[in-house]
Participant: 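My questions all concern the structure below.
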Amino acid sequence: MRNNFKSAGIRHLSFNNLPIRYKLIIHFLLISILPSIGLGFLIHWTVDRVLDRQVTNNTLQLIGKVNESLETYVENLQNMTFLVAFNPDVQRFLESDRELGSLQESAQEEDHYDIRKFLQGFTTLHSEVAGIMIVNSDGKYISNEMYARTESDLTRESWYQEAVRNKGIFKIVGHPNERNVTNHVNYKNSEVVSAVRAILDPDTQQVKGVVLIDLKLRVIAETAQDVRLGKTGYLTVIDSNGELIYAPSDPYIEHIPLEWLNKDSSGTHSHQADGRKLQFIYRVSPFTNWTTVGVFATEDSILEIREIRFYVVSFVFVVCLLGMTASFYLAHSISRPIGQLMSFMQKAQSGDLTIRYWGDRSDEIGLLGRRFNEMLLQINRLISLTERQEQQKREAELSSLQAHIKPHFLYNTLDTIHWVARRKGAVDIAEMAESLSKLFRIGLSKGNVIIPLSDEIEHIRSYLQIQHVRYQNKLDYVLMVDPAVQELSVLKLILQPIVENAIYHGIKERRGPGLIEVEAKEQGSNLVMTIRDNGKGMTEEQLSKLHRALEQVVSSEAEPGAGRSPREDWANQTAGAVRRGQETKGYGILNVQARLRLTFGDKYGLSLASTLGEGTVVTVTHPLIRDEYNLNGVDR
């Protein structure tokens with residue numbers, strides 16, 4: 001039981017059972033809103049990816065330009081060390097110990113002056129240079145801007161030892177922490193970056209001295225601080241050891257671990273720091289081996305994405321709003337006339353055939369409404385026609401019933417005459433009375449409209465026998481009835497009027513004896529009865545009139561008369577048929593035709609063929625009725 005309720009509920013909720021209005025709305029919403037939402041998600045996803053890729057690429061490009069500037073500065077430092085190393089005065093200064101005593105003090109002072117002047121030229125041309133110091137292997141030094149803080153041996157300084165270890169290779173040592181060298185400007189350690197190169201003896205590869213150059217960090221800051229990443233992002237530079245070379249005054253993070261940066265020359269990294277998600281985009285300079293890192297909060301880029309998302313959501317909302325409005329409007333415009341048509345059909349189904357669709361639409365709905373109106377008109381016409389035919393049938397039955405009253409009295413009287421004639425030995429009179437009695441008895445048939453074919457044949461036999469006695473040798477007849485059709489049922493009294501017509505208008509008008517043949521057999525799905533006579537026959541004009549009268553006696557296409565009742569129509573049609581029958585001498589035939597058509601339909605009835613002077617053949621097409629109860633199954 002529960003399953004039955006469940007199945008019924010599922011069927012009730014089935015999409016096919018929904019009203020067409022909701023189906024249209026659902027379809028329209030699926031077509032308009034879902035693609036819009038999908039498009040919005042796709043745009044958001046694509047913009048997010050594109051912006052992320054674009055931010056990364058732009059940041060890498062900026063970092064690349066900064067690296068190029070830094071490499072230019074460092075390359076200049078490298079070139080300076082070369083020029084200083086190969087300067088003759090510097091060479092003499094580096095070899096002063098070995099030639100000590102051979103040179104006069106005044107000459108040394110002159111060389112030192114030239115060297116300082118030479119070095120001063122570099123600082124003048126390159127403002128980024130904070131100072132240049134040349135230290136020989138004895139610890140003596142010469143510089144234009146720099147000097148030792150104490151008398152300590154400078155060759156023991158870490159930067160000096162680093163230059164010695166690199167054996168003449170240019171080396172950036174970073175910020176000068178804990179060194180015994182200062183500057184006249186007194187730069188802080190965090191404000192300069194030092195670079196060193198050992199000057200070697202080309203013959204012995206012995207270190208003759210070291211060139212120390214301080215680079216002002218201000219130039220790096222000027223290069224990097226002009227680059228802004230988002231609203232609060234910045235650039236920072238770290239060396240190969242992870243030591244900070246440059247960072248803005250208030251960075252997101254003081255120290256960037258090297259493990260956050262992959263070994264690749266460039267890349268990106270995300271990390272959570274101080275409650276915010278930071279994005280690191282970096283690139284390593286192959287010349288300086290410094291890593292320039294772009295640092296910005298992810299929320300900076302999210303703000304732009306949020307702005308784009310706002311526009312996308314607004315667009316989707318507007319599209320959905322318009323789609324829903326259009327969906328409801330279209331669904332209403334389509335379902336409303338359909339609902340009206342359904343209401344009209346329900347009224348028509350309940351019997352109100354006067355209802356009509358009133359609308360000026362030219363689409364399918366308007367066409368359907370006009371077809372609905374035409375259908376109602378056709379139904380009205382068919383109902384009127386059916387009512388008229390039923391009325392005609394009742395009139396015919398009433399006429400037939402009235403015709404049975406007198407024959408019933410005559411039947412009883414003739415039966416009495418038959419027995420009186422036999423008692424008195426009048427055989428001929430008795431046979432005629434008997435035949436006439438059978439004629440009336442079968443004609444009455446207890447009021448039945450459908451009688452067995454055998455009774456109809458017996459009826460026509462009695463009638464022909466009476467006429468044979470009347471006309472003596474002038475009339476002869478033959479009855480040929482297939483035994484297979486003896487048990488069939490037929491409409492009562494359909495042969496006698498035809499035979500009567502053949503006698504009075506055919507045989508009687510003929511010179512000499514005449515012959516009437518009555519044949520009954522099954523042909524196809526019909527019972528076919530043929531009445532042939534070799535009487536006078538009919539002219540073509542008479543035959544044409546009779547054919548027209550037969551077709552018009554009961555016509556299904558005939559329209560009822562304006563303002564007349566069905567009874568009046570039937571009376572008028574009968575009167576017209578009578579007049580035509582009188583003109584064509586075939587009233588009995590018309591009566592038979594009318595009863596057959598009214599009872600079985602237009603596909604059954606009479607057909608005539610006649611030749612003047614040769615006779616007439618009347619064919620009766622009757623449905624096969626195995627018994628009277630099958631009358632309802634006759635295809636009309």
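Excluded from the calculations below are hydrogen atoms, water molecules and symmetry mates; all remaining heavy atoms, backbone and side chain alike, are included. Keep in mind the model is a prediction, meaning the values are calculated, not measured.
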Participant: Out of Leu42, Val319, Val313, Val316, which one pairs with Ile37 under the side-chain contact (heavy atoms from CB on, under 4.5 Å) rule?
Facilitator: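 When side-chain contact (heavy atoms from CB on, under 4.5 Å) is applied between Ile37 and each of Leu42, Val319, Val313, Val316, only Val316 qualifies.
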Participant: Hey, what's the ring geometry for His184 with Tyr147, parallel, tilted or perpendicular (30° and 60° as the breaks)?
Facilitator: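 Answer is tilted, since the angle falls between 30° and 60°.
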Participant: Would you say Leu77 and Phe170 make side-chain contact, with heavy atoms under 4.5 Å?
Facilitator: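 Sidechains of Phe170 and Leu77: in contact.
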Participant: Sequence neighbours excluded, which residues qualify as side-chain hydrogen bond (donor to acceptor under 3.5 Å, both in side chains) partners of Arg165?
Facilitator: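 Applying side-chain hydrogen bond (donor to acceptor under 3.5 Å, both in side chains) to Arg165 gives Glu162.
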Participant: The criterion is side-chain hydrogen bond (donor to acceptor under 3.5 Å, both in side chains); which residues satisfy it with Asp352, sequence neighbours excluded?
Facilitator: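 Listed in chain order: Thr354.
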Participant: Hey, are the side chains of Val173 and Lys171 touching, using non-hydrogen atoms and a 4.5 Å cut-off?
Facilitator: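 Touching, per the 4.5 Å side-chain cut-off.
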Participant: Check for a donor-acceptor pair, side chain of Thr236 on one end and backbone N or O of Tyr246 on the other, with a separation under 3.5 Å.
Facilitator: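 Yes, because the side chain of Thr236 sits within donor-acceptor range (under 3.5 Å) of the backbone of Tyr246.
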Participant: Has His175 got a side-chain atom pairing as donor or acceptor with Ile245's backbone, closer than 3.5 angstrom?
Facilitator: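 Yes, because the side chain of His175 sits within donor-acceptor range (under 3.5 Å) of the backbone of Ile245.
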Participant: Does CE belonging to Met324 count more than 12 external heavy atoms closer than 6.0 Å?
Facilitator: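 Incorrect, the count does not exceed 12.
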Participant: In plain terms, say whether Asp153 and Lys140 are close enough for a salt bridge, that is, a side-chain N and a carboxylate O under 4.0 Å apart.
Facilitator: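 No, this pair does not count.
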Participant: Side chains of Glu71 and Thr288: donor-acceptor distance under 3.5 Å anywhere?
Facilitator: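 No pair is found: no donor N or O on one side chain lies under 3.5 Å from an acceptor on the other.
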Participant: Is the closest side-chain heavy-atom distance between Tyr160 and Ser137 below 4.5 Å?
Facilitator: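 Answer yes - side chains close enough.
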Participant: Holding to salt bridge (Lys or Arg N to Asp or Glu O under 4.0 Å), I want the full list of residues that pass it with Asp203, two or more places apart in sequence or in another chain.
Facilitator: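 Applying salt bridge (Lys or Arg N to Asp or Glu O under 4.0 Å) to Asp203 gives none.
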Participant: In terms of side-chain geometry, is the basic nitrogen of Arg371 or Glu374 positioned less than 4.0 Å from the acidic oxygen of its partner?
Facilitator: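 Yes, this pair counts.
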Participant: Does a side chain donor of either Thr59 or Arg283 reach within less than 3.5 Å of an acceptor in the other side chain?
Facilitator: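 The answer is no; no qualifying pair exists.
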Participant: Among residues at least two apart in sequence or on other chains, which ones pass side-chain hydrogen bond (donor to acceptor under 3.5 Å, both in side chains) with Glu364?
Facilitator: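 side-chain hydrogen bond (donor to acceptor under 3.5 Å, both in side chains) list for Glu364, sorted by chain: empty.
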Participant: Does CD belonging to Gln378 count more than 12 external heavy atoms closer than 6.0 Å?
Facilitator: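 It does: Gln378 CD has more than 12 such atoms within range.
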Participant: Determine whether Asp239 and Ile172 make a side-chain contact, defined as any pair of heavy atoms from C-beta on separated by less than 4.5 Å.
Facilitator: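 No; the side chains remain at least 4.5 Å from each other.
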Participant: How are the rings of Phe82 and Phe86 set relative to one another: parallel (under 30°), tilted (30 to 60°) or perpendicular (over 60°)?
Facilitator: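 Taking Phe86 first and then Phe82, their aromatic rings lie parallel (interplane angle under 30°).
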Participant: According to salt bridge (Lys or Arg N to Asp or Glu O under 4.0 Å), who are the partners of Arg336, at least two apart in sequence or on a separate chain?
Facilitator: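 Per chain and number, Arg336 pairs via salt bridge (Lys or Arg N to Asp or Glu O under 4.0 Å) with no residue.
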Participant: Please confirm whether the backbone N or O of Phe280 pairs with a side-chain atom of His271, one donor and one acceptor, at under 3.5 Å?
Facilitator: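 Checking the backbone N and O of Phe280 against the side chain of His271, no donor-acceptor pair under 3.5 Å is found.
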Participant: Glu157: what forms a side-chain hydrogen bond (donor to acceptor under 3.5 Å, both in side chains) with it, not counting sequence neighbours?
Facilitator: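 Checked Glu157 against side-chain hydrogen bond (donor to acceptor under 3.5 Å, both in side chains); matches are Trp159.
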Participant: Answer yes or no for Arg370 and Tyr357: cation-pi contact, defined as NZ/CZ to six-membered ring centre under 6.0 Å and angle to ring axis within 45°.
Facilitator: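 Judged by the rule, Arg370 and Tyr357 form no cation-pi pair.
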Participant: Are Asn87 and Phe118 packed together at the side-chain level, in the sense that at least one heavy-atom pair is separated by less than 4.5 angstrom?
Facilitator: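 In short, these two side chains touch, coming nearer than 4.5 Å.
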Participant: Would you check if Ile238 and Trp290 make a side-chain contact, meaning some heavy-atom pair closer than 4.5 Å?
Facilitator: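 Not in contact.
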Participant: For the residue pair Lys208 and Gln91, establish whether any side-chain heavy-atom pair is separated by less than 4.5 Å.
Facilitator: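 A side-chain contact exists here, since the closest heavy-atom pair is under 4.5 Å.
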